[in-house]
Amino acid sequence: MNKRIGNIFKGDKVIWMVFFFLCMISIVEVFSASSNLTYKSQNYMGPITYHSIMILVGVVVAVVTLNIPCRYFKLMTPFLLLISAVTLLWVLVWGESINGANRVISLLGFTFQPSEIAKGTMVLITAQILSAMQRETGADRKAFKYIMLILLPTVFLIGIENLSTAALLFAVIYLMMIIGRVPMSQIGKLTGAIVALGVIGITLIMTLGSVEDSPSEQTNMTKSVSSTDANTDKTSIKGGGIFHRFTTQRNRILKFLDHESIPPEKYDIEENFQVGHANIAIASSGIIGKGPGNSMERDYLPQAFSDFIYAIIIEEMGIFGAAFVVLLYVVLLYRAGRIAARCENNFPAFLILGLTLLLVIQATFNMMVAVGLAPVTGQPLPLISKGGTSTIINCAYLGAILSVSRSAKMKKETEMEEVRNN
């Protein structure tokens, strides 16, 4: 029996344990944080049943993916690139609007975000380019040009409707190029360009984005509000067109930069709904928390089961529970780094690092938002937040990581073969 189970759950056992704990935390906390959905649907078990099914499907996808030798992932690149390009263009024109942004495609009764597929595709392409163009002194200078040629259009298409996801993807590829030893002169020029574009972008956002004073749309838990606009008043937009998201982004920046000390009796909880209730959840948690299922702020915090689930984790599990969640992502990154260091070939090493950075950096952004260290971005907590296709795709990423740990040729194996031959 143990041997049969071991044949199914192949790959690095530590990563499997991290995956198991993240899934268990997800089921418990999403069940607790879905009171809003339960109230509206009048179905006590519906939301958590759906989420549990998605996790089970995700585990199956992870098992299937890990059984694909990592060298075969290269064959998928042209198809994934084509799918990413088509769906990113499709979602801009015919995608469903969520919170004023076209982010999802509905197909055969299922909805998915093309950006989720595009992120993994870009990591896969970058890993291939960096591995194919490695020289003794580092990556060939042409590698940078090839990566930028594919990355920039992808980031632009994603960034029109989802700037935070575009920034996340760019950050991951940027780190992959540093790890892949792209010449520092090129990295330096790219860094300067990023700073310049950042200044221009913020200037445009602050100039074209506008706000009309109006009462907050957040009034009670029965409102269906997403994290993207939960902190945003009714708006008017000067720029229009591709600039229609500037107002939301401007509001987030202003609220994040507003560090004015406000007495509790004068704090407007309606104006700062998400951040206010997230702070209440964290402040009332204590060291050991209130216990699973005992959150109070889940009934008031929009998207408690998604973008702000880390605040609910802190409230229910306390500082120790919050630190444990952080530790799980740190262990995932550490194990991926150890496996990458042992890979004999460059491609699996770059692939496992890229996919792990994708998950860990997104998790970092989500947790920073929940504790007030970053402006609201709308990024869910990978493998914990409630999700549909995003959960499945994240599980596929983890399956690819496990595939590298299982099928990539390791340096120790080569050394043992040499010893045997001698």
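These numbers were taken from a predicted model, which means no experiment stands behind them.
No hydrogens or angles considered: nothing links the side chains of Arg335 and Thr356 as a donor-acceptor pair under 3.5 Å. Thr191 and Tyr174 share a side-chain donor-acceptor pair at under 3.5 Å. There is a side-chain donor-acceptor pair under 3.5 Å between Ser164 and Gln379.
Take Thr121 and apply the side chain to side chain donor-acceptor pair (under 3.5 Å) test, not counting sequence neighbours, and it matches Ser84. In terms of the salt bridge (Lys or Arg N to Asp or Glu O under 4.0 Å) criterion, residue partners of Lys290 (sequence neighbours excluded) are, by chain and number, Glu315.
Residues Leu88 and Ile117 form no side-chain contact, since every pair of their non-hydrogen atoms from C-beta on lies 4.5 Å or further apart. Residues Leu190 and Phe144 are in side-chain contact: their nearest non-hydrogen atoms beyond the backbone lie under 4.5 Å apart. Side-chain contact between Leu130 and Tyr146 is absent, with no heavy atoms from C-beta onward closer than 4.5 Å. Between Tyr334 and Val18, the closest side-chain pair of non-hydrogen atoms is not below 4.5 Å.
Here the closest non-hydrogen pair linking Pro348 and Cys343 is CB-SG, 4.2 Å. Pairing each heavy atom of Lys10 with each of Leu402, the nearest pair is O-CD2, 4.3 Å.
The structure places CZ of Arg181 at 11.0 Å from CZ of Arg135, a figure rounded to the nearest 0.5 Å. For the atom pair Ile282 CD1 and Tyr310 OH, the distance stands at 8.5 Å (nearest 0.5 Å). For the atom pair CD of Glu316 and CD1 of Ile25, the computed distance is 12.0 Å after rounding to the nearest 0.5 Å. Atom CG of Leu332 and atom CG of Leu328 lie 9.0 Å apart (nearest 0.5 Å). The distance from atom CG of Asn394 to atom CZ of Phe19, rounded to the nearest 0.5 Å, is 9.5 Å. In this structure, Ile158 CD1 and Lys119 NZ are separated by 8.0 Å, a value rounded to the nearest 0.5 Å.
Proximity of a side-chain donor or acceptor of Asn345 to a complementary backbone N or O of Phe347 within less than 3.5 Å is not detected. A donor-acceptor pair is defined here as one N or O able to donate and one able to accept, closer than 3.5 Å; no such pair exists between the side chain of Ser385 and the backbone of Pro380.
Around CG of Leu75, the count of heavy atoms belonging to other residues, nucleotides or ligands within 6.0 Å exceeds 12.
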Can you list, pair by pair, the side-chain donor-acceptor contacts under 3.5 Å of residues 50-62, counting residues two or more places apart and other chains?
unit_1: His51; atom_1: NE2; unit_2: Ser26; atom_2: OG; d: 2.6
unit_1: Ser52; atom_1: OG; unit_2: Ile48; atom_2: O; d: 2.8

